[in-house]
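To start, the structure under review is shown below, and the notes come after it.
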Amino acid sequence: MLSIDFIRDNPERVRKALHDKGHEDAGDDLVGQVLTLDEERREKLTNLQDLQHESNEASERIGELMRQNKKDEAQDLIDRSKTLKQRISTLEDEADDAEKRRDAALLRIPNVPHESVPVGHSPDENETLREEGEKPSFDFEPQPHWALAERHDLIAFERGAKVTGAGFPFYLGKGARLQRALVDYFLDLADERGYREMQPPLFANADSARGTGQLPDKEDLMYEIGRDELFPIPTAEVPVTNFFRDEILDEDDLPLKFCAYTPCFRREAGSYGKDVRGLNRLHQFDKVELVRFERPESSYDALEELLADAERPLRQLGLPYRVLLMCTGDMGFTQAKKYDLEVWSAGQERWLEVSSVSNFTSYQARRLNARCRSDPESDTRFVHTLNGSGLALPRVVAALIEQNQQADGTLVLPDALAERTDFKRIGGR
RNA sequence: GGAGAGGUGGCCGAGCGGUUUAAGGCGCUCCCCUGCUAAGGGAGUAUGCCCUUUAACAGGGUAUCGAGGGUUCGAAUCCCUCCCUCUCCGCCA
């Protein structure tokens, strides 16, 4: 969430952010509501604290009188304290209520986009910054990955659907081996760039989901184990970013960089058609995630570095891709700036998102209560959090096998990968 | 899953209804003393929020002793619920 001080000082900027991100509720002025509720809260609080002060002094005095055995005088004060106490209790409830309502409204205000972010309301208004690599051309009709996967018995979609449901495939033989090699490869690349490997829990509690912003607004994204109030993670971002929840970090230790391989679980309600064909959109998929904790002043430099780190595996695998700068309307609630990496799917002739690289500035950190400070004397401030996929596997697998298909239907892996599998070729001899 | 013990400031650790505005120690910061080193002396050392004030500082108040609720004029201390940690037993990859 945003700082209430920031909203107090910059109401118009926040209103603009709300508008640009398309989170305006028709007609009602969320910023105005927050400010009003905030004033209400502060008034009640001041009032309450005055009474608490009075009550504390009375109690202290009573203690004194009791020690001196002046019971009668004490009794008078006790009677007065009792009435005071009732007023305190009422005011407490009111102040509490005002704070809850303020915070509820505050949670509905999105992060403010960075000034370099283009204003726009549809995906068409995202900026394509560059295209890297050459799209392949074939002297035969290239097949989509699901056809190739079936032909070489790499993935069992139907059986997955039988066992769990659509979007939960089995990977088999060289298909499974390929995925394992990719995970290993991506982690090694991240390690080379100074990201410390982490194996996080695959379930997170509600506090954690709130911390990174999956709750309350993206509730439908996650599966839920109601019985234990846990959520299978939709991305490693959730557990990894929550690692430092409620902690104060030493700024000398920043930046802190982590990478984590995890399966990810997403309900993906409402998707259909070509979007969900084959590996395009799954309910369970593997991903290597990069997460960074940064000083506020360096988070945008870190974002550029993170982008480069996310691009590296695509380059090395020789996959054509493009870099998009997301416009205000197409970026998430919690993000201040976001790039998407899209890989070229040669069999489907379309771009597939494989990474999303974002700076959340202090927005997540404030929810997480993750702070930092330069030395014990100075004030604390909220760290800046960033994350990016490096990378999500299924679409990379799809692009890989489509791009590397041969006229005879066999698949030839790029050398970088073949070093890690014990084969270079799938199919044929 | 069963039985027991326990969660106190950066760390250790006392406190078990009102001389606690959380003892004492360690660590850390600043100052003094000292030719250097060692030792010694003094002061300070949590976080959020509210108010006053400011260019910055600062001051006052309030809440927080795992979390939430209750008893009381007053709770770290008593009661209830939950969470977590440790020990022993059982089960298990």
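To find a chain, count down the sequence lines: A is the first, B the second, and so on, and within it residues start at 1.
- Per the geometry, CD belonging to Gln52(A) stands 15 Å off C1' belonging to G60(B), to the nearest Å.
- Separating the P atom of U87(B) from that of G24(B) is a span of 33 Å, rounded to the nearest Å.
- Residue Arg42(A) places its side chain closer to C50(B) than to any other of G48(B), A46(B), C50(B).
- Atoms CZ (Arg373(A)) and C1' (U47(B)) sit 9 Å apart, rounded to a whole Å.
- Taking a cutoff of 4.0 Å between a charged side-chain nitrogen and a carboxylate oxygen, Lys100(A) and Asp103(A) do not qualify as a salt bridge.
- Atom C1' of C78(B) sits at a distance of 15 Å from the matching atom of G15(B), rounded to the whole Å.
- Side-chain nitrogen and oxygen atoms of Arg41(A) include none within less than 4.0 Å of the OP1 or OP2 phosphate oxygen of C49(B).
- Checking the phosphate oxygens (OP1, OP2) of G48(B), a side-chain nitrogen or oxygen of Arg371(A) falls inside 4.0 Å.
- In terms of position along RNA chain B, the nucleotide closest to Leu45(A) lies nearer the 5' end than the nucleotide closest to the other residue of the pair Glu57(A) and Leu45(A).
- Between Thr380(A) and G48(B), a side-chain N or O to OP1/OP2 separation shorter than 4.0 Å is present.
- For the P atoms, the distance linking C12(B) with U21(B) amounts to 24 Å, nearest Å.
- If you take atom P in C92(B) and the same atom in A5(B), they sit 28 Å apart, rounded to whole Å.
- The separation between Glu92(A) atom CD and A63(B) atom P is 9 Å, rounded to whole Å.
- Counting non-hydrogen atoms under 4.0 angstrom, Ser55(A) reaches nothing in the nucleic acid.
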Identify all pairs in which a protein N or O lies below 3.5 Å from an N or O of nucleotides 17-21 of chain B, and state each distance.
| from | atom 1 | to | atom 2 | distance (Å) |
| --- | --- | --- | --- | --- |
| G18(B) | O2' | Arg67(A) | NE | 3.2 |
| G18(B) | O2' | Arg67(A) | NH2 | 3.0 |
| G18(B) | N2 | Ser59(A) | O | 3.0 |

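- Between Asn56(A) and C73(B) there is no side-chain N or O to OP1 or OP2 distance below 4.0 Å.
- Counting any heavy atom pair closer than 4.0 Å across all strands shown, Arg80(A) reaches no nucleic acid atom.
- Between U77(B) and U8(B), the distance separating the two P atoms is 14 Å to the nearest Å.
- Counting heavy atoms from C-beta outward, Ile7(A) and Leu35(A) have side chains that approach closer than 4.5 Å.
- To the nearest angstrom, C1' of U72(B) lies 14 Å from CG of Asp79(A).
- Checked against C50(B), G48(B), G74(B), the side chain of Lys85(A) finds its nearest nucleotide in G74(B).
- Between His53(A) and G61(B), a side-chain N or O to OP1/OP2 separation shorter than 4.0 Å is absent.
- When the P atom is used for both G2(B) and A63(B), the distance is 39 Å, rounded to whole Å.
- Among the duplex regions that RNA chain B forms, those built from at least three successive Watson-Crick or G-U pairs under 3.5 Å are B:1-7 with B:83-89, B:10-12 with B:24-26, B:27-32 with B:40-45, B:46-52 with B:58-64, B:66-70 with B:78-82, ordered by first number.
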